[in-house]
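Everything on this sheet refers to the single structure shown next.
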Amino acid sequence: MKLNSHTDDMTNAKFNRTAVQVPDAQARIAAHVRPGAIEKVSLESAHGRTLAEKIVAPHPYPFFRRSGMDGYAILSSDTLHASSEQQIWLRVVDEIPCGYTSDQTITPGTTARIMTGAQVPEGADAVVMLEMTESKTENGEQWIGLKRHVQAKANITPIGLEVEEGQLLLDAGTLIQAGEQSVLATFGVAEVPVFRRPKVAIFATGTELLALDEPLQPGRIRNSNSYLLRSLVVEAGGEPIMYGSIADDAETARKTLAEAVKHNDMVVTTGGVSVGDYDIMGDLVREDDIEMLFNKVTMRPGSVTTAAIVDQKNLFALSGNPGACFVGFNLFVRPTIRMMQNDPHPYLQEWTAILDEGYTKVNNYTRFVRGRIEVRNGEVHALPAAARVDESSVMITIKDSECLIIIPPDKKGIPAGELVRILKLPKGLVR
Ligand SMILES: Nc1nc2c(c(=O)[nH]1)N[C@H]1C(S)=C(S)[C@@H](COP(=O)(O)OP(=O)(O)OC[C@H]3O[C@@H](n4cnc5c(N)ncnc54)[C@H](O)[C@@H]3O)O[C@H]1N2
Ligand code: MOO
Ligand SMILES: [Mg+2]
């Protein structure tokens, strides 16, 4: 392999990086995020999507006075003197199955048979359960007997009990899941205004990278990060667009980036952001037409995580090390995908947990250690991945990670049993 002839200037530029704190890095990105476009989708396909407009109740719910029991709609005043000694009798004037309304008004001495969910007829102010009545037929007329006093409003769900007309049902930015589906269906929202899933271009850089179907060769590895990122984008509610992997060649990277920016809402790359001779992405983000937001963060793994703006779109140049790529995505890319859909809580949830095993490895940057979560006796425990397999370069522990344990830089490690802050990693679809 011939020696690379880089200049000292280039090397200096690579080294000359100002590290920003994670919250500062997140704020720099947030200042540049633009909400995505809006589209309408059918309610059937709205699960997992994010509402783009608020939904206000077009009518109260329930919309009519609803019977909560199978029984009889009555005037409660008719039952004032009813008791086990004094049975009162009411004449049945109508029968109201669900889905029908009665044109009868219930007047003193009369009643209508009614089913659960049916509209209570005019005049009636209570429903009495079938089991509390006795029935008889006399001269072709039907009567029911009652032996107890029934309170006004009994077994009637009033109009608007759940929702008043004009009430805010769902705010823009709400994730549509089962409960939201039933709200939208109840109010007849068949076409739901949602944010278009941001199209996220993914490409990996690295001459060592092999496609999945290529046989292993010495010095080369398969491109796992692209697939890691693809799943993470789906989980965050984005639409991944795969641009494969490219060799460590600046011109190819420039072209691929231009193409990816042109056709997508955001670009995520992995690899080539450190200070190595072939770390092309690190150089690319310093070019004139790219506004770099940061190229070093006081965190481990992922200290070389880089973010920039190209043609008003977010570019994330994540580290090639799988662990760093994973952490960089969760801290920066996922929140951006969520923010583009107006999610009011775009960042990972922060929990407090008991550290199960002492963590002794420290340095001057905040560590985000992959870990599992166990709940024991109602308490949250964080179990860090074993030493060595928590390293930036390690791929295998990503699949077991349920949280990132935050190890602040100012401590001499944290002993077992101490409280730590953890970032809960979402598994499966958004939240
Ligand atoms: N002299 C220094 N060397 C390094 C420093 C430093 O500060 N000074 N930082 C180290 C740290 S920390 C990290 S993290 C890495 C970052 O490297 P890059 O982001 O530039 O990534 P690469 O050099 O391209 O690759 C690193 C590693 O990851 C493997 N890789 C790359 N792409 C993929 C992929 N798509 N799928 C799976 N694995 C991938 C690659 O083969 C390398 O092993 O730099 C340190 N060095
Ligand atoms: O940037 Mo490296 O992943 O810090 O460990
Ligand atoms: Mg490198």
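Counting starts at 1 for both ligands and their atoms, in listed order. Atom set for the values below is all heavy atoms of this structure, side chains included, hydrogens, waters and symmetry mates excluded.
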Could you find the nearest protein heavy atom to atom 1 (O) of ligand 2 and give me its residue, atom name and distance?
S303 N, 2.6 Å
Would you mind reporting whether L423 and I406 have side-chain heavy atoms less than 4.5 Å apart?
yes
Between L51 and the options I38, N342, L170, the side-chain contact (heavy atoms from CB on, under 4.5 Å) test singles out L170
Run the numbers for me: atoms of ligand 1, each under 4.0 Å from some heavy atom of L209, listed by number.
32 (N), 33 (C), 34 (C), 35 (N)
Closest protein heavy atom to atom 2 (Mo) of ligand 2, given as residue, atom name and distance to 0.1 Å
G302 N, 3.4 Å
Tell me which part of A204 gets within contact of ligand 1: side chain, backbone, both or neither, using heavy atoms under 4.0 Å.
side chain
R28 side-chain N/O to L293 backbone N/O, donor-acceptor pair under 3.5 Å:
yes
Between ligand 1 and S392, can you find any atom pair, the residue atom being a heavy atom, that is separated by under 4.0 Å?
yes
G276 near ligand 1 by a heavy-atom separation under 4.0 Å:
no
If you count the atoms of ligand 1 from 1 in the order shown, which ones are under 4.0 Å from a heavy atom of V275?
1 (N), 2 (C), 8 (N)
Could you check whether S393 and N321, counting side-chain N and O atoms only, form a donor-acceptor pair closer than 3.5 Å?
no
May I ask you to identify the nearest protein heavy atom to atom 4 (O) of ligand 2, giving residue, atom name and distance to one decimal place in Å?
R300 NE, 2.8 Å
Atoms in ligand 1 flagged as close to S224, the criterion being non-hydrogen separation under 4.0 Å
36 (N), 37 (C)
Polar contact flag, side-chain donor to acceptor under 3.5 angstrom, S102-D94:
yes
Below 4.0 Å, non-hydrogen atoms only: which portion of D279 touches ligand 1? Side chain, backbone, both or neither.
side chain
Heavy atom of V304, distance to ligand 2 below 4.0 Å
yes
Any nitrogen or oxygen of S319, side chain or backbone, less than 3.5 Å from one on ligand 1?
yes
Taking G282's backbone N and O only, do any of them form a donor-acceptor pair with D279's side chain (distance below 3.5 Å, no angle check)?
no
Counting only heavy atoms closer than 4.0 Å, does ligand 1 sit against the backbone of M395, its side chain, both, or neither?
neither
Close approach of M281 to ligand 1, heavy atoms, under 4.0 angstrom:
no
With respect to I202, which candidate in L229, I241, N264 satisfies the side-chain contact (heavy atoms from CB on, under 4.5 Å) definition?
L229
Is there a heavy atom of P301 sitting under 4.0 angstrom from any atom of ligand 1?
no
If you measure every N/O of N223 against every N/O of ligand 1, is any gap under 3.5 Å?
yes
Gap separating the CZ atom of R196 from the CZ atom of R49, nearest 0.5 angstrom:
9.5 Å
Within the 4.5 Å heavy-atom criterion, are L232 and F326 side-chain neighbours or not?
yes
Find the distance between CG (L331) and CZ (F368) and round it off to the nearest 0.5 Å.
5.0 Å
Counting only heavy atoms, which portion of V273 has something under 4.0 Å from ligand 1: side chain, backbone, both, or neither?
both
Please check: side-chain N/O of Q119 versus main-chain N/O of T101, any donor-acceptor pairing under 3.5 Å?
no
Using a plain distance cutoff, I'd like to know if E208 has any nitrogen or oxygen under 3.5 Å from a nitrogen or oxygen of ligand 1.
yes
Qualifying residue, where the test is side-chain contact (heavy atoms from CB on, under 4.5 Å) with I309 and the options are I290, I29, N314, L315
N314
Number the atoms of ligand 1 from 1 as they appear, then name those within less than 4.0 Å of a heavy atom of R300, with their elements.
12 (S)
For atom 24 (O) of ligand 1, state which one of S245, G272, G320 supplies the nearest heavy atom.
G272
Pick whichever of A317, G271, G282, S274 has a heavy atom sitting closest to atom 5 (C) of ligand 1.
S274
Rounded to the nearest 0.5 Å, how far apart are CG of N223 and CD of E208?
9.0 Å
Can you tell which part of I221 has a heavy atom less than 4.0 Å from ligand 1: side chain, backbone, both or neither?
side chain
Do ligand 2 and S319 have nitrogen or oxygen atoms that lie under 3.5 Å from each other?
no
